[in-house]
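Atoms considered below: every heavy atom in the structure, side chains included; atoms not considered: hydrogens, waters and symmetry mates. Keep in mind that what you see is a predicted model, and the values were worked out from it rather than measured.
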Amino acid sequence: HVAIDMLGPLGPFANNAYIVSPLDGAGPVVVVDAPEGAEEIVHALGDSRVGHILVTHSHADHWNGFDVLRAHTDAPVYASEDETDLDATRSVIPLSDHSEVRVGHTTIRVIHTPGHTPGSICLLVGHALLTGDTLFPGGPGHSRTNEALQQEIHSITSKLFELPDDTLVLPGHGGGTTIGVARAEYEVFASKPHPADLHGDVLWLET
């Protein structure tokens, strides 16, 4: 019922942004993330009306194109109610866990997945999961402390791994994977001992 267009790599951190559009053209589209290089998002939008701008988390590389996007559309912008370090001038509307955003006849479901940041969210659209910087092919997103890594792993295992194996993972940088592949890789990681202060860039198969 929807098309998901990935735009990227954008900007110096090779970000992905996404446009979720109703296939029948019935109603406005949703833009996910606003990285530097958002001129490409504006170009791809063309005449499409934007209903919502959803941002997966507060890190600057996912926001640095916001002013470019804002100059094109006055659509409301949303992020998690638990997110920190948000720019108050952007009038961000808080999203709660399990809240839903409509795109045509389809629903985008918000999944709160703290760890990479306190308010990181993933967005479930049919059989696709837009994971921001929470889950990548091969591992979780960067964590600043072991406590944050453990929180991120809990988010992934308790919320994302409940989804069907064939759910497509579309992250905030780079290419995609599936929940089934990610779960199998995580099981290798979980079977091994790890240092008590493990954090940073963790790879399921190599760490």
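Under the 4.5 Å side-chain criterion, counting only non-hydrogen atoms from C-beta, Trp63 is in contact with Arg90. The side-chain heavy atoms of Leu10 and Glu36, taken from C-beta on, include no pair separated by under 4.5 Å. Put simply, the side chain of Val29 does not reach to within 4.5 Å of the side chain of Arg49, judged on heavy atoms. By the 4.5 Å heavy-atom criterion applied to side chains, Ser155 and Pro114 are counted as neighbours.
Note: His116 and His59 meet the aromatic proximity criterion, with ring centroids under 6.0 Å apart.
Annotation: salt bridge (charged side-chain N to carboxylate O under 4.0 Å, His left out) contacts of Asp201 (sequence neighbours excluded): none. Shown here are the salt bridge (charged side-chain N to carboxylate O under 4.0 Å, His left out) partners of Arg70, two or more places apart in sequence or in another chain: there are none. Residues meeting the ring pair (Phe, Tyr, Trp, His ring centres under 6.0 Å) test with His142, sequence neighbours left out: none. Contacts of Thr113 classified as side-chain hydrogen bond (donor to acceptor under 3.5 Å, both in side chains), with partners at least two apart in sequence or in another chain: Thr134. Partners of Arg109 by salt bridge (charged side-chain N to carboxylate O under 4.0 Å, His left out), not counting sequence neighbours: none found. Under the ring pair (Phe, Tyr, Trp, His ring centres under 6.0 Å) criterion, His154 pairs with no residue, sequence neighbours left out. Residues meeting the salt bridge (charged side-chain N to carboxylate O under 4.0 Å, His left out) test with Asp85, sequence neighbours left out: none.
The line from OG1 of Thr167 to CD of Glu162 is 11.5 Å long, rounded to the nearest 0.5 Å. The NE2 atom of His72 lies 12.0 Å from the CD atom of Glu39; values are rounded to the nearest 0.5 Å.
Using a 4.5 Å cut-off between side-chain heavy atoms of Ile, Leu, Val, Met, Phe, Trp and Tyr, Leu23 forms no hydrophobic cluster with any other residue. Residue Phe136 belongs to no hydrophobic cluster, having no ILVMFWY side-chain heavy atom closer than 4.5 Å to its own. Applying the 4.5 Å side-chain rule to ILVMFWY residues, one finds Val188 in the same cluster as Leu205. Cluster partners of Leu95 are Val2, Ile4, Met6, Tyr18, Val20, Val30, Val32, Leu54, Tyr78, Ile93, Val101, Val103, Ile108, Val110, Ile121, Leu123, Val125, Leu130, Leu168, Leu170, counting Ile, Leu, Val, Met, Phe, Trp and Tyr whose side-chain heavy atoms approach within less than 4.5 Å, directly or via other members.
With respect to Val31, the side chain to side chain contact (heavy atoms under 4.5 Å, CB included) criterion is satisfied by exactly one of Val55, Thr73, Leu7, Ile41: Ile41.
Annotation: His194, atom NE2; neighbour count of heavy atoms from other residues, nucleotides and ligands within 6.0 Å is above 12.
Looking at Thr207, its side chain never comes within 3.5 Å of a backbone N or O of Trp204 through a donor-acceptor pair.
Under a hydrophobic-cluster definition in which Ile, Leu, Val, Met, Phe, Trp and Tyr are linked whenever side-chain heavy atoms come within less than 4.5 Å, directly or via other members, Leu149 and Leu203 are assigned to different clusters.
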After noting the C-alpha distance and the side-chain angles of Arg144 and His199, does the key distance pass the side-chain contact (heavy atoms from CB on, under 4.5 Å) rule?
-> CA-CA 6 Å; Arg144 294 182 176 178; His199 64 281; 5.7 Å; no
Let me have the donor-acceptor pairs involving side chains of residues 171-182, under 3.5 Å, with sequence neighbours excluded, atom names and distances please.
residue: His173; atom: ND1; partner: Phe13; partner atom: O; Å: 2.9
residue: His173; atom: ND1; partner: Ala14; partner atom: O; Å: 3.4
residue: His173; atom: NE2; partner: Asp61; partner atom: OD2; Å: 3.2
residue: His173; atom: NE2; partner: His62; partner atom: NE2; Å: 3.4
residue: His173; atom: NE2; partner: Asp133; partner atom: OD1; Å: 3.4
residue: His173; atom: NE2; partner: Asp133; partner atom: OD2; Å: 3.4
residue: Thr178; atom: OG1; partner: Val181; partner atom: N; Å: 3.2

